[in-house]
Amino acid sequence: MNTDKPPVTDLAEYRSPIADLFEQPQTAEEWKPYVLDEEQVRRFERDGFISGIKVLTDAQVDVLNTELAKMQSVSAEEKQLFYHYESNESENPDQVLFHAIGAWRVAPGFHDLVWAPAFRMAAYQLLGTSFRMFHDQLFCKPAKHGGVVAWHQDYSYWTFTKPMHHLTCWIGLDDATKENGCLYYVPGSHQWGLLPITGLAGDMEAVRTVLDAGQLEAFDNKVANELPRGYASFHHPLMMHGSYANVSDRPRRAVVLNAMDAHTVGNTAGYERLDALHSFPEMPQDQILDSRFFPLLFDGDKELKAAVDAVPKVDPLKLYI
């Protein structure tokens, strides 16, 4: 009897959904239920984030959580498909933070999630342009001893790309509350400019050492991003955000989808942290990131046709660099 396991399939080979988890709109009319209104778009411009956007049904969340449980114990071959995989990235030995990048290459549900219509439409509106997949992330905090994700700006870790025209979508796979380590935002902090990296899984408050007096005052008015499971928030790449430890009796699991302008290019020449990219796809200097690892997720002219100008969008020249 042949006991050899079949080779692991890299789902990045597929540039469209591979199952029926998410029904795809075929016309501009079918996109309408997913369109953010004018007030939501302007609030994003003002605050740097919006929240309370339903992306998943309960049934879809259940599918993803089943896949997530399997991905927390993967084979060596499967692990090679991830760009980053840490069973525990916490710097505190008494806490646990599971963090992985690249689930969409391994599990069908997470692969198709990047084509979720509610995500795609909101990302198009908040980027103000057609966009590609950058990468996904999993952040899981077990009950009672889940670790922190320290305060940071996403783009401080992404300067190996340019321009700074990215967007982050945070989706809860559990109800996210203050007790189980929900995300926090500092409204308006996307206007602070790029700040130094102060760590991702260590001292929660380390960022305070690089803030000026006005920023510290704003920082102390942070807001909790409490969300039911299946709901999402979207934030600007310079938004200051973080999440505290999980001290509750419930887990806090989340998936993050990071999108980028369709014409984003590599900026790896002279990048100081190249060692952190050793498992990432090739990103040559000044070349558009359009390989199979960065699929085009939304082309406004193609998806919306004559209705493209009727959809409210940010002005990318004002909001992004």
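Below, all heavy atoms of this structure are taken into account, side chains as well, without hydrogens, waters or symmetry copies.
- A donor-acceptor contact shorter than 3.5 Å links the side chain of Gln285 to the backbone of Thr268.
- Atom CD of Glu13 is surrounded by more than 12 heavy atoms from other residues, nucleotides or ligands within 6.0 Å.
- Transitive grouping of hydrophobic side chains (ILVMFWY, heavy atoms separated by less than 4.5 Å) keeps Ile18 and Met71 in distinct clusters.
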**Request:** Decide yes or no on side-chain contact (heavy atoms from CB on, under 4.5 Å) for Phe139 and His99, but give the supporting numbers first.
**Result:** CA-CA 5 Å; Phe139 287 101; His99 179 208; 3.4 Å; yes

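- The shortest distance between side-chain heavy atoms of Gln40 and Gln125 does not fall below 4.5 Å.
- At most 12 heavy atoms of other shown residues, nucleotides or ligands fall within 6.0 angstrom of atom OH in Tyr14.
- Ring pair Trp115/Trp104 is tilted by interplanar angle, where 30° to 60° counts as tilted.
- When the shell of 6.0 Å around NZ of Lys222 is examined, it contains more than 12 heavy atoms from other residues, nucleotides or ligands.
- Within 6.0 Å of CD on Glu39 lie more than 12 heavy atoms contributed by other residues, nucleotides or ligands.
- Using a 4.5 Å cut-off between side-chain heavy atoms of Ile, Leu, Val, Met, Phe, Trp and Tyr, with links allowed through other members, Val265 and Leu297 fall into different hydrophobic clusters.
- For Leu68, the side-chain contact (heavy atoms from CB on, under 4.5 Å) partners two or more places apart in sequence, or in a different chain, are Asn65, Gln72, Phe98, Phe110, Leu138, Cys140, Leu173, Arg253.
- Although no hydrogens or angles enter the test, the distance criterion places a donor-acceptor pair under 3.5 Å between the side chain of Gln60 and the main chain of Leu21.
- For the pair Lys141/Leu97, a side-chain contact is recorded, criterion being any heavy-atom separation below 4.5 Å from C-beta on.
- Scored by the side chain to side chain donor-acceptor pair (under 3.5 Å) test, Glu78 finds Ser75 as partners (sequence neighbours excluded).
- Counting heavy atoms from C-beta outward, Val308 and Tyr124 have side chains that approach closer than 4.5 Å.
- Hydrophobic clustering (side-chain heavy atoms under 4.5 Å, transitive across Ile, Leu, Val, Met, Phe, Trp, Tyr) groups Trp158 together with Met164.
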**Request:** Take Arg250 and Thr177 through the side-chain contact (heavy atoms from CB on, under 4.5 Å) test and state the conclusion after the steps.
**Result:** CA-CA 10 Å; Arg250 299 180 296 106; Thr177 66; 3.2 Å; yes

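- Linking ILVMFWY side-chain heavy atoms closer than 4.5 Å, directly or via other members, places Leu11 and Leu81 in two distinct hydrophobic clusters.
- By the salt bridge (charged side-chain N to carboxylate O under 4.0 Å, His left out) test, Asp10 is found to be paired with Arg105, Arg292, residues two or more places apart in sequence or in another chain being considered.
- Leu113 and Phe119 get closest at one heavy-atom pair: O-CD2, 4.4 Å.
- Residues Asn180 and Arg252 approach most closely at O-CB, 3.1 Å, considering heavy atoms.
- Side-chain atoms of Asp136 come within 3.5 Å of backbone atoms of Gly102 as a donor-acceptor pair (strictly under, hydrogens ignored).
- In terms of modelled atom types and a separation under 3.5 Å, the side chain of His236 and the main chain of Leu319 share a donor-acceptor contact.
- The salt bridge (charged side-chain N to carboxylate O under 4.0 Å, His left out) check on Arg42 picks up Glu38, Glu45, with sequence neighbours excluded.
- Taking the six-membered ring where tryptophan is involved, the planes of Phe298 and Trp31 are perpendicular, since the angle between them exceeds 60° and thus also 30°.
- At a cut-off of 3.5 Å, with distance as the only test, a side-chain donor of Ser233 or Tyr185 sits close to an acceptor on the other residue.
- Side chains of Gln153 and Pro237 form no contact here, defined as non-hydrogen atoms less than 4.5 Å apart.
- At distances below 3.5 Å, at least one donor-acceptor pair connects side-chain atoms of Asn88 with backbone N or O atoms of Gln95.
- Among residues two or more places apart in sequence or in another chain, the salt bridge (charged side-chain N to carboxylate O under 4.0 Å, His left out) test is passed with Arg132 by none.
- With sequence neighbours left out, His165 forms a ring pair (Phe, Tyr, Trp, His ring centres under 6.0 Å) with Tyr320.
- Within 6.0 Å of the CG atom in Asp220, the count of heavy atoms belonging to other residues, nucleotides or ligands exceeds 12.
- For Gln287, the side-chain contact (heavy atoms from CB on, under 4.5 Å) test picks out Pro284, with sequence neighbours left out.
- Ring centers of His135 and Tyr83: at least 6.0 Å apart, outside the cut-off.
- Across all their heavy atoms, Cys182 and Ser243 have their closest contact at O-CB, 3.2 Å.
- Two residues are said to be in side-chain contact when any heavy atoms from C-beta on lie closer than 4.5 Å; Met260 and Leu289 meet this criterion.
- In the hydrophobic clustering (ILVMFWY side chains linked at under 4.5 Å, chained through shared members), Val207 is joined by Val148, Trp151, Tyr184, Val186, Trp192, Leu195, Met204, Val210, Leu211, Leu216, Phe219, Met240, Tyr244.
- The backbone N or O of Gly300 sits less than 3.5 Å from a side-chain atom of Ser130, completing a donor-acceptor pair.
- The backbone N or O of His152 lies less than 3.5 Å from a partner atom in the side chain of His241, making a donor-acceptor pair.
- Contacts classified as salt bridge (charged side-chain N to carboxylate O under 4.0 Å, His left out) and involving residues 80-97 (residues at least two apart or in different chains) are not found.
- Classified by interplanar angle (parallel below 30°, tilted 30° to 60°, perpendicular above 60°), the ring pair Phe280/Phe160 is perpendicular.
- His84 places no side-chain N or O within donor-acceptor distance of the main-chain N or O of Phe82, the cut-off being under 3.5 Å.
- Residues forming a side-chain contact (heavy atoms from CB on, under 4.5 Å) with Ser87 (at least two apart in sequence, or on another chain): Tyr85.
- Between atom CD1 of residue Ile197 and atom OG1 of residue Thr159 there is a gap of 7.0 Å, rounded to the nearest 0.5 Å.
- Formation of a donor-acceptor pair under 3.5 Å by the Asp203 side chain with backbone atoms of Glu205 is found in this model.
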**Asked** Can Ile53 and Leu36 be said to form a side-chain contact (heavy atoms from CB on, under 4.5 Å), step by step?
**Response** CA-CA 9 Å; Ile53 311 301; Leu36 302 178; 3.8 Å; yes

**Message:** The test is side-chain contact (heavy atoms from CB on, under 4.5 Å); show your working for Met121 and Val311 and say whether it passes.
**Reply:** CA-CA 10 Å; Met121 175 53 73; Val311 173; 4.2 Å; yes

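- When the side chains of ILVMFWY residues are joined at heavy-atom separations under 4.5 Å, either directly or via intervening members, Val96 and Val256 end up in two distinct hydrophobic clusters.
- Of all non-hydrogen atoms in Glu77 and Val8, the two that sit nearest each other are OE2-N, 3.3 Å.
- In this structure a side-chain-to-backbone donor-acceptor pair under 3.5 Å is missing from Glu67 to Leu64.
- Asn246 and Glu179 make their closest contact through OD1-O, 3.6 Å (heavy atoms, listed as atom of the first residue, atom of the second, distance).
- To the nearest 0.5 Å, the span separating OH on Tyr231 from CG on Asp175 amounts to 10.5 Å.
- Counting Ile, Leu, Val, Met, Phe, Trp and Tyr side chains that sit under 4.5 Å apart, directly or through other members, Val247 stands alone, with no cluster partners.
- Among residues at least two apart or in separate chains, salt bridge (charged side-chain N to carboxylate O under 4.0 Å, His left out) pairs with a member in residues 25-37 are Glu29-Lys32.
- Residues Pro187 and Val223 form a side-chain contact, since some pair of their non-hydrogen atoms from C-beta on lies under 4.5 Å apart.
- The shortest heavy-atom contact between Leu167 and His235 is CD1-O, 3.5 Å.
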